[in-house]
K.L.:
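I am attaching a structure below and will ask some questions about it afterwards.
If you're wondering where the values come from, they're calculated on a predicted model, not measured in any experiment.
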Amino acid sequence: MVPVADIHRQKILILDFGSQYTQLIARRIRECGVYSEIHPWDMQADAIQSFEASGVVLSGSPESVNLQQPPTVASAVFELGVPVLGICYGMQAMAAHLGGKVESSAQREFGYAKVTPLESTLLAGLDDAEAGESERVLKVWMSHGDRVAELPKGFVLAGTSENSPMAAMEDCERGFYGVQFHPEVTHTLQGARLLRRFVREICACSGDWTPGNIVADAISRVRDDVGSNKVLLGLSGGVDSSVVAALLHEAIGDQLTCVFVDHGLLRRNEGDQVMQTFADHLGVNVIRVNAATRFFKALRDVGDPEEKRKVIGRLFIEVFEEEANKLQNIDFLAQGTIYPDVIESAGAATGKAHVIKSHHNVGGLPAHMRMKLIEPLRELFKDEVREIGIELGLPKKMVYRHPFPGPGLGVRILGAVREDYAALLQLADEIFIEELHRNDLYDKTSQAFAVFLPVRSVGVMGDGRKYDYVIALRAVETVDFMTARWARLPYDFLEHVSLRIINEIDGISRVTYDISGKPPATIEWE
């Protein structure tokens, strides 16, 4: 293992011009074993220099270089003396800045395209040609309305396509490269190899960003920050907080105390499973607070989804703080903030990026709380969090389970939340997930769950009339959760799950399957 201090030594700076794929660029680069960070396109010149990047990537953008005041690349980027890769808009912005010309294309290009690679350092050896095809070809994903019409001085043409005669360019002497397509998306078949070549070969990064090194580095930094002080963590049972708990326990042992607030809106028996995993198996000090009655009382007459979220979040903090106040000499509060939370909240705060959502756990602690904040996962994407969870010895079933909303089943029960509704939903959800595992379908879906509909439907059982509630099943396939396709689960499987739910749960008379994509629908119903 390399010294832990070295894993941030080589890093790639990604300047974000507002592309929906910017996070994918960072993730793909990290998959090459190289640390990367996303910053806004108008990052100050001194900050660009002090970042000490091994290379720079310019992202795509929904904007046009030919606007009156378009987002531009700072001159400092090209003065660093390190390789620079422009992607889509990034290529166009590079070309415009360095003296080339960009024009609006008569035919816009969105989706699949073929690029013919020419003599090139970046594209050398990359080929998607099928048997019988005599010429090299790259199958790529395009998303642009403008295109480079004239290369800047010093550049050579590296690739061409039918609608983008200048689909790739490079100036190897200065280390500047541009591609009109998006190598970060899976639709570009050679995209991972292209990015790996850029960061590992052209930027000469060694690839020290690995799960084992990330864990060692995080443990070292926690020990340095915390010293002999005590840390408090709100353990939800979700992936992020579970990995934080395991990491902190590995780093500081019994200096860590976890408070697990069981609000009654978890999956069936999940509270017991969390306690068994952490308290019994890992030896983590966990205080369990059974607050279900309190939560159900507060939610009794609340039907609006956003108001439900606020009630659950506010009450969770109240209960957590009550328990925290009972403890003495706690100096740090740990949170499971991860890198997408930071990126998205930064966009909301600065207005430089297209806002996705803000996060309550980003931006510090309330003024009345005396504890210092520690966020060991702040630099990591979700897939990296899962990988280090396995590295720390957490069960794969826990680490790789599907996303679960912070408000729990509170937003999977439509309308007002009642305890009897939650009990029915827990049973239905358990059957659905159990059958997905049994039929080897769980890992083939990205997220699957049941939803309780507070409407009654007529049914017949044992020659008798039933008038009971409805359960909707939801399963989707997605890469980034920004868009999603409803999962084409086998009809026989769905029939079996439906029969089990109706036959085994007294109170359910009908089961439906949600075939809505995202967009126009969202993945969760509320």
Side-chain angles (χ1 to χ4, degrees), residues 14-29 41 57-67 70-71 73 84-97 100-118 120 122-130 133 135-152 155-170 176-198 354 478-480 482-483 485 519:
I14 301 168
L15 293 178
D16 180 22
F17 290 86
S19 170
Q20 62 177 317
Y21 301 132
T22 302
Q23 287 194 35
L24 278 180
I25 299 172
R27 287 172 58 193
R28 297 292 176 259
I29 290 173
W41 61 269
V57 175
L58 312 175
S59 84
S61 174
E63 310 296 347
S64 169
V65 171
N66 293 316
L67 292 174
V73 187
V84 181
L85 172 64
I87 295 175
C88 195
Y89 180 91
M91 171 182 169
Q92 297 162 11
M94 176 190 290
H97 184 92
K101 290 185 180 179
V102 178
E103 65 181 12
S104 295
S105 174
Q107 185 172 352
R108 298 187 169 205
E109 208 167 13
F110 296 99
Y112 168 77
K114 288 185 177 181
V115 168
T116 300
L118 306 176
S120 166
L122 184 65
L123 306 182
L126 304 184
D127 190 6
D128 294 318
E130 298 177 4
E133 292 182 322
E135 295 185 353
R136 286 173 58 208
V137 65
L138 297 179
K139 297 179 180 178
V140 304
W141 188 260
M142 296 278 197
S143 181
H144 66 97
D146 294 346
R147 63 186 183 186
V148 175
E150 184 178 316
L151 296 178
F155 280 79
V156 296
L157 188 63
T160 185
S161 74
E162 184 177 350
N163 292 318
S164 297
M166 299 180 183
M169 65 181 193
E170 58 186 49
F176 299 155
Y177 304 84
V179 292
Q180 184 60 72
F181 53 89
H182 287 271
E184 68 273 26
V185 302
T186 55
H187 301 77
T188 298
L189 302 185
Q190 300 292 326
R193 288 184 63 194
L194 186 155
L195 290 173
R196 183 178 180 85
R197 171 167 293 158
F198 178 72
H354 286 205
T478 179
V479 173
D480 55 14
M482 297 174 66
T483 62
R485 173 180 183 263

K.L.:
With sequence neighbours excluded, what pairs up with Arg28 under the salt bridge (charged side-chain N to carboxylate O under 4.0 Å, His left out) test?
P.N.:
Glu31
K.L.:
What closest approach, in Å, do Ser64 and Asp146 show between heavy atoms, and which atom pair accounts for it?
P.N.:
OG-OD2, 2.5 Å
K.L.:
Please collect all salt bridge (charged side-chain N to carboxylate O under 4.0 Å, His left out) contacts where either partner lies in residues 179-191, sequence neighbours excluded, each pair once.
P.N.:
none
K.L.:
The criterion is side chain to side chain donor-acceptor pair (under 3.5 Å); which residues satisfy it with Arg136, sequence neighbours excluded?
P.N.:
none
K.L.:
Going by heavy atoms in the side chains, are Ser59 and Ile25 under 4.5 Å from each other?
P.N.:
yes
K.L.:
According to side chain to side chain donor-acceptor pair (under 3.5 Å), who are the partners of Thr160, at least two apart in sequence or on a separate chain?
P.N.:
none
K.L.:
Using the ring-ring contact (aromatic ring centres under 6.0 Å, His included) criterion, which residues pair with Tyr89? Sequence neighbours excluded.
P.N.:
Phe17
K.L.:
Sequence neighbours excluded, which residues qualify as side chain to side chain donor-acceptor pair (under 3.5 Å) partners of Asp128?
P.N.:
Gln190
K.L.:
With Met94 as reference, evaluate Val148, Val102, Val84, Val65 under the side-chain contact (heavy atoms from CB on, under 4.5 Å) test and give the passing residue.
P.N.:
Val84
K.L.:
Using a 4.5 Å cut-off on heavy atoms from C-beta on, say whether the side chain of Leu194 contacts that of Phe181.
P.N.:
yes
K.L.:
So, Glu135 versus Thr116: side-chain donor-acceptor pair below 3.5 Å or not?
P.N.:
no
K.L.:
How about Lys101: does its NZ atom have over 12 heavy atoms from other parts shown lying under 6.0 Å from it?
P.N.:
no
K.L.:
Tell me, do Leu122 and Leu85 make a side-chain contact under 4.5 Å, heavy atoms counted?
P.N.:
yes
K.L.:
Check whether Ser120 reaches the backbone of Leu123 with its side chain - one donor and one acceptor, N or O, closer than 3.5 Å.
P.N.:
yes
